[in-house]
Protein chains: 2
Amino acid sequence: MAAGENGSKSRGGGARKVYNALRTEILTLVLEPGELLDEARIGERFGLSRSPVREALIRLSSEGLVTTLPNKSTQVAPLQIEDFPQYLDALDLLQRAVTRLAAKQRRDADLVIIKSAQGAFEDALGRRDALAMIEANRDFHVAIGEAARNRYLADSYARILDEGRRILRIYFRSYGDAVHPEFADEHPRIIAAIEARDEDLAERLAHAHARQMGERFLQYLRSRHTADISVAGGVDAV
Amino acid sequence: MAAGENGSKSRGGGARKVYNALRTEILTLVLEPGELLDEARIGERFGLSRSPVREALIRLSSEGLVTTLPNKSTQVAPLQIEDFPQYLDALDLLQRAVTRLAAKQRRDADLVIIKSAQGAFEDALGRRDALAMIEANRDFHVAIGEAARNRYLADSYARILDEGRRILRIYFRSYGDAVHPEFADEHPRIIAAIEARDEDLAERLAHAHARQMGERFLQYLRSRHTADISVAGGVDAV
DNA sequence: TTATTCAATGTAGTATACAAACTGTACACT
DNA sequence: AGTGTACAGTTTGTATACTACATTGAATAA
């Protein structure tokens, strides 16, 4: 297979490339939960051997984004909506803590990053681009996580936010990726609270924001039958 | 290298074996923070090729237990005591949340596991076995995490607890692994609160427990010079 | 003596080769 | 017909081979 022929980075880049690509596709549901991943096929898709592909899959497995059936194959981690309440609890807790900390510890440089992410968010909102909106939303909160200056909490928070990308994707996709503008005004208020170093307000807004998100998704779940969107097993679900 | 000759599991077991071994040795400081890990050497130590070793290292890297310098080598993740305050904050937050949830959600089966871990803890205390005590302490809290029935929080909590094993190890080792009995009576009270489903008390005790641990370690840090125990870079530090 | 270049060496990243386990199908036997 | 076994195909897990990057140290020049 044309060894030595490579487009981008001659070394070390292969595994990272596959990792990033698969990760994005998993989080955007281009790869459906439960879908089976074949190392060889992925390898030939990227023009790489199985080794870097394997590395990428191991990383993803370690993050819980893929599940590896021993000696059989690895599949995109199923989304178990039955523990969505757990998810919400965790998101709420970490979001409150992190946003409060950010209000306390933020520096001006942090604010710039946060506002920039919010800019991208509003941009996507204006373009009615659901995909970009989800990503910018994640970046916005991750930026707040960084501003909290606690790598343990920020890591856990980022992990949860990523999981949320898949949930939000299901939500929007089910509405044909129509963008609902009701999300628009919550972020600026959070920014303002962080900028004003108002810890209590920041925490309260963060809490409300998580609740809102959960409420909307639960409402959506109720509108459909839970069974219908059980993406847990099949490739062709939803 | 005698292909096909292996003691335990003929397939999939190799990588897991290396992973578990390295992980334990990292968390017990048998492998010092900053120590360099050579894939080939590890491979020959376990009678395996580089492939399974690589898989183990990738997993560990993904968990933050080793740091991989691109194209150079991988080293045991340095312990940065300068962000010990961050660590404490995160531990406190998650411990409070998880212990409270455990008091709310626990089932009888959970209590059995928790008490069993506490049994091992007291056993180790009696034997003055610092290593076993640290491990049992971690298991005790992880069991509480399981009882909370929130896999997101339990995962984050477990991750933080593992990091704590290294910190506790430094602490005890510096005192020649002498076991201080003042830890003894906090766990039973936490168990009692969980058993009685007293959420507020459980959270308060969990909070106090985290504070105690942090206080002791900070006191230890103050007694030595911070620079002396900076295990960040060198192999032979401490 | 000190700085710089370059070859030599070692190790990580990738490719390939081989072995074991699982899957499914076909066929035989009851 | 139903069940069990054999065999082929597919795919993971591991071993080995190869390549490129990086560091080291010696040789040479200033």
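A, B, ... follow the sequence lines: proteins, then strands. Residue 1 opens every chain. Model, not experiment: these values are computed from the prediction.
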Length of the line joining [X]:[atom1] and [N]:[atom2], which is rounded to integer Å:
X	N	atom1	atom2	result
B:Glu55	C:dA12	CD	P	17 Å
A:Ile58	C:dT14	CD1	P	13 Å
B:Lys17	D:dT14	NZ	P	11 Å
A:Arg50	C:dT16	CZ	P	12 Å
A:Glu44	C:dT16	CD	C1'	15 Å
B:Leu48	D:dT16	CG	P	11 Å

side-chain N/O B:Ser49 vs D:dA15 OP1/OP2, d < 4.0 Å: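 Yes.
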Got a salt bridge between [X] and [Y], using NZ or NE/NH1/NH2 to carboxylate O under 4.0 Å?
X	Y	answer
A:Arg50	A:Asp38	no
B:Asp162	B:Arg159	no
B:Arg41	B:Glu35	no

Side-chain donor/acceptor of A:Asp129 to backbone N/O of A:Ala124, under 3.5 Å: no
Parallel, tilted or perpendicular, as decided by the 30° and 60° cut-offs, for the rings of B:Phe121 and B:His187: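 Geometry flag for B:Phe121 against B:His187: tilted rings.
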Mutual orientation of the aromatic rings belonging to B:Tyr152 and A:Tyr87 [parallel < 30°, tilted 30-60°, perpendicular > 60°]: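 B:Tyr152 and A:Tyr87: perpendicular rings.
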Considering only nitrogen or oxygen atoms on both sides, find all protein atoms under 3.5 Å from nucleotides 5-11 of chain D and state each distance.
unit_1	atom_1	unit_2	atom_2	d
D:dT11	OP1	A:Arg41	NH2	3.4

Along DNA chain C (nearest heavy atom to each residue), the more 5'-positioned of A:Pro70 and B:Ser51: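 Mapping each residue to its closest nucleotide by heavy atoms, the 5'-most match is B:Ser51.
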